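The structure under discussion appears below in the form of structure tokens.
Model, not experiment: these values are computed from the prediction. Within every chain, numbering begins at 1; the chains are lettered A, B, ... in the order of the sequence lines, protein sequences first and strands thereafter.
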Amino acid sequence: MPELGDWPEGLSLRDVRLIDRLAIRSDSMALPAVLALTDPGKQPWFWVTADVVVGVLLTLNLLLLVFVHARRLRVAARRQRTKRFEGRLERLLAEDDTTALAKQVKHLNELERPIAAEMMIERLRAASPEEREQTLVWLRQIGAIDVLFRSSRRWQPWRRALAIRMLGLAGAAEAVPILIERLSDRSRYVREAAVRALGRIGDERALPDLTRLFAEPGQAGAGIVYESLLAFGAIAVPVFDEGLRSPNEHVRVASVFGLGSLLEPRDAATRADRMLGDGSPLVRGAAAHLLEQVGGGALPSGLVRATHDEQRSVRRAAVSALARYDDPLALELAVQALEDPDRDAAIRAGETVLRLSALPRVGADAQRALATTDAWPLDRARVLASLGAV
Amino acid sequence: MLTAIWAVSLVIFCFSVLYVVVTLSLIGLSLYEALQQKIERGERFRPLQRPLRPGITLIAPAYNEVPIIVASVRSLLASDYAPLEVVIVDDGSTDGTTEALIDAFELVPLPVGDRLALETEPVERIYVSRSDPRLRVAYKLNGGRADALNAGINLARHDLIAMTDVDSLLEPDALGRIVELFSADPDHVVAVGGTIRIANGSRIEHGQIVEPRVPLGGTPASQVAEYIRSFFGARIGWAALNGLMIISGAFGVFRRDVVRTVGGLSTKTLGEDMELTMRIHEQLRPTDPDTRIAFAADAVSWTEVPPGLGPLRGQRVRWHIGLLDNLRLHRKMIGRRRFGAVGALALPYNILFEAVAPILEVVGYVMFTVLAVLGLIAWEYAVAFIVLVLLGAQLQTATSLLIEDVGYGRYRARDLAKVGCWGLLEMFWYQPLTALWRLWATLLFLTGRRPGWGTIPRGAALPEAPAPLPR
């Protein structure tokens, strides 16, 4: 039985028994660790650590409380200020004499300027080119653009993203180099904000960098880059044309849709027909989808093949597209597709036959098919058509 | 004996500290993400009206819902998204749910047809509404919620399917906000979850929440705190890591081709929503590591939660069995880097802090009580421990409320204060109760007293090729 006297002072009999059971000698190197574990209350570090942790948690809780309420107060105060100032600014902006207005805008005080800037930027959403140009002049005069430039380099990513978004909405062409620089920002949100802003501004200088992002997806959301490029209009056509040759199937898909949005229907149809021979079902599906948008008289040869594609997603899109072609072959293929092993393809075939019945050339044959063919997809289409749902 | 008790206490203490540290890190990440998302999706954000955008089929299963079904369907049809199709699947109701819909929406029969992709109990009738042809109603033999959803997936016409419940109130712009995430990355995002908020206590007009309020009662108010922590304090962070393990059955949108390809929802587990999410990760990520399951915190569906402890107990037991089921079914993913953050982080986190935690919690409560009765409590330790846990938990709740306030701001200050207060008191009644129920669920799970052992469907009979989303 161990004796208390053999051990360092302050140990209880329980500690000594435990240490004895663990076969630790009184001069062992492990003794301090064991003591710390068996009864940390006797170790000063325990209470110091506990105090620090509790202190930190308490402070964080208090800070949160203060922050939430301070923020609420700030928002309420700003809302009131904005309300008061809004009427005055509306009158200012309605002034015909732009020189006098510029003078007054210059004399806005420190609290009024950010509100004015925000309101002006909001107005830009629906502004005509002349109004936009004029508002931009005022924004420059009150120093808003300079502030946004500085903010676009702040260390908090959300501050940078917000500034970039505002620059995009403002449409300031002088911001383009900075926005291009931000395409390589370390934060994905900032990069995406820059992509959107460049799309809004639509300056050609940004096109090479956006093209790179489009061709090598990953740096920013592919859909965001795609939409930004679309905003450039016809000058983005070569980017999508090049994209059709990309080894990445997703880039090819986006390019098909992009060309469909930007090209004349005939040109878009030529490219879509070619892309129906692509190795990827995703691309073939997109091409068939595009041919549905375009429509026409004679059925493209690629679409005929696509109605027998091995992938059901392609067949579905192709069968739907048939409805836009006033060609007897389209009707024949649609009737065949009523037996497609895929339910959705069969349903679409029924709807396609019904739609074809309204076209001048194949309409009569389609109506005959509707009357004589016994297939549930046709019955379904008829019911839906009677409700105006096809 | 005392030494053993002391060792267990030490384990519980270390576990609690670890939990606080990990959870606060997750909340920090959620806060960071919420602040960044606010820039493009803030209060002025309105989903774009694109000329081409993917259609959505909204599927809601119903079983004996006559009292609410008509109002609920009207609320679902109030969504401002187009193209939209709403499919209500009556899972063999015996109270005339379908008949109520027939009368209210002038339903006319549609042929059922064949070639259904997923196996379900037979669908006997399908209807379309004359007054709003976006509405379809299917009546099928009873097979449970997952089976009804699978039937809805079979009937869905659009590229995206949204799953919800008939008692959920979807905000009109919720679907548009979710589609924005699909459109931002159409090649990799395969599913997006929305936020579930609690409707108890709020003012509802015409199927929409007009004044969000926090209920007075402790049970629903504590659930508000819990939901805010779960959705704003955790899911935003998990989504940022691409480690989201669950898209709530009450509101989530999936690519139809993906759901069909992985075999639809499992009818063999109680946590079919988590199981589907996990199966998508398991089957898609090894071949396409960029596959992403995202979360739209600003896409909101409101739901009623159990107002009393009785129904809450049943719900929590089911949820916990569902969780344990999924951990067992997908155990091969644990610690595997090929499944990304789900395998490396989310699964270990859930094992430690969701599956094991209730056991340790209950052991802790029992030990504390026994030692207190025996007069063996070292009160200075006990008080230090309680203060530490209380402050840690309060910080977790307060930061989640901060995310809600800064990012989404749906509640008044007094409602936030109510949530904060109930969150503070939770530790003394709500947490022990839920821990006890979860322990009970664990015992049920371990003794096999539950509806069958789950199996993972390995793909549909006719696997579906991916289709490009219109853009």
Side-chain angles (χ1 to χ4, degrees), chain A residues 14 18 37-38 41 50 53-54 57-58 60-61 64-65 67-69 71-72 122 157-158 161-162 165 187 189 192-193 196 217 221-224 226-227 250 253-254 257 261 281-283 285-286 289 293 311-314 316-317 341-344 346-347 376-377 379-380 383-384 387-389, chain B residues 2-3 6 10 17 20 32 35-40 44 48 51-52 108-117 128-130 133-134 154 157 182-188 257 290 378 380-381 384 387-388 391-392 394-395 398-399 401-402 405-406 413 416 420 462 464-468 470-471:
Chain A
R14 182 175 66 83
L18 173 70
L37 282 173
T38 52
V53 173
V54 167
L57 287 177
L58 200 62
L60 284 173
N61 269 303
L64 265 177
L65 204 68
F67 180 82
V68 168
H69 284 87
R71 190 186 156 274
R72 286 236 165 192
E122 281 303 315
W158 54 89
L162 183 61
R165 179 171 183 265
S187 158
Y189 286 98
E192 290 183 347
R196 285 192 175 101
I224 296 169
Y226 166 80
E227 282 179 3
H250 299 303
V253 168
F257 282 113
S261 301
L282 275 172
V283 181
H289 197 90
Q293 305 294 314
Q311 296 291 345
R312 66 183 70 190
S313 58
V314 182
R316 275 181 210 150
D342 179 60
R343 178 185 170 89
D344 287 318
I347 287 175
W376 66 264
D379 295 338
R380 187 181 184 281
V383 175
L384 291 175
L387 306 176
Chain B
L2 283 180
T3 310
W6 200 87
L10 187 71
V17 171
V20 168
Y32 177 82
L35 281 172
Q36 307 227 45
Q37 287 169 9
K38 189 177 156 65
I39 306 302
E40 279 300 331
R44 288 204 185 90
L48 294 176
L52 270 184
V108 292
L110 266 185
V112 175
D114 50 16
R115 290 164 261 181
L116 298 162
V128 58
S129 165
R130 190 183 293 279
R134 294 177 303 163
N154 277 336
R157 278 297 313 277
F182 280 101
S183 298
D185 194 1
D187 311 318
H188 300 116
D257 51 2
D290 293 329
E380 67 268 37
Y381 290 142
V387 167
L388 184 76
L391 284 173
Q394 180 58 18
L395 190 61
T399 321
L401 288 177
L402 177 72
D405 192 42
V406 172
L416 292 183
L462 303 164
E464 188 154 321
R471 45 191 108 180

Is chain B contacted by the side chain of [X], its backbone, both, or neither, given a heavy-atom distance below 4.5 Å?
X	answer
A/H250	both
A/E192	neither
A/I347	side chain

| request: Answer whether the closest heavy-atom distance between the side chains of B/P468 and A/F257 falls below 4.5 Å. | output: yes

| query | With sequence neighbours left out, what residues match B/D405 under salt bridge (Lys or Arg N to Asp or Glu O under 4.0 Å)? | reply | A/R71, A/R72

| remark: Across all chains, not counting sequence neighbours, the salt bridge (Lys or Arg N to Asp or Glu O under 4.0 Å) partners of B/R130 are none

If you count heavy-atom pairs under 4.5 Å with chain B, which of [options] comes out on top?
options	value
A/P157, A/G221, A/A222, A/S187	A/P157
A/L58, A/V314, A/V283	A/L58
A/L282, A/L65, A/L162	A/L282
A/A254, A/A346, A/G388, A/S261	A/A254

| message | Can you tell me how far apart CG (A/L60) and OG1 (B/T399) are? Round to the nearest 0.5 Å. | response | 8.0 Å

I'd like to know which of [options] tops the heavy-atom pair count under 4.5 Å against chain A.
options	value
B/L416, B/L35, B/D185, B/V17	B/L35
B/L110, B/D114, B/V387, B/V108	B/D114
B/G392, B/G420, B/A413	B/A413

Kindly give the heavy-atom pair with the smallest separation between [X] and [Y], and that separation in Å.
X	Y	answer
A/L57	B/L388	CD1-O, 3.7 Å
A/A389	B/P133	CB-CB, 3.6 Å
A/W376	B/P111	O-CG, 3.7 Å

| remark: When the 4.5 angstrom heavy-atom criterion is applied to B/S129 and chain A, the contacting part is backbone

| query | Which atoms of B/R134 come close to chain A, meaning under 4.5 Å heavy atom to heavy atom: side chain ones, backbone ones, both, or neither? | reply | neither

| message | Assess the residue pair B/R115 and A/D342 against the criterion (side-chain contact (heavy atoms from CB on, under 4.5 Å)); give the C-alpha distance rounded to whole Å, side-chain angles, the decisive distance to 0.1 Å, and a yes or no. | response | CA-CA 6 Å; B/R115 290 164 261 181; A/D342 179 60; over 6 Å; no

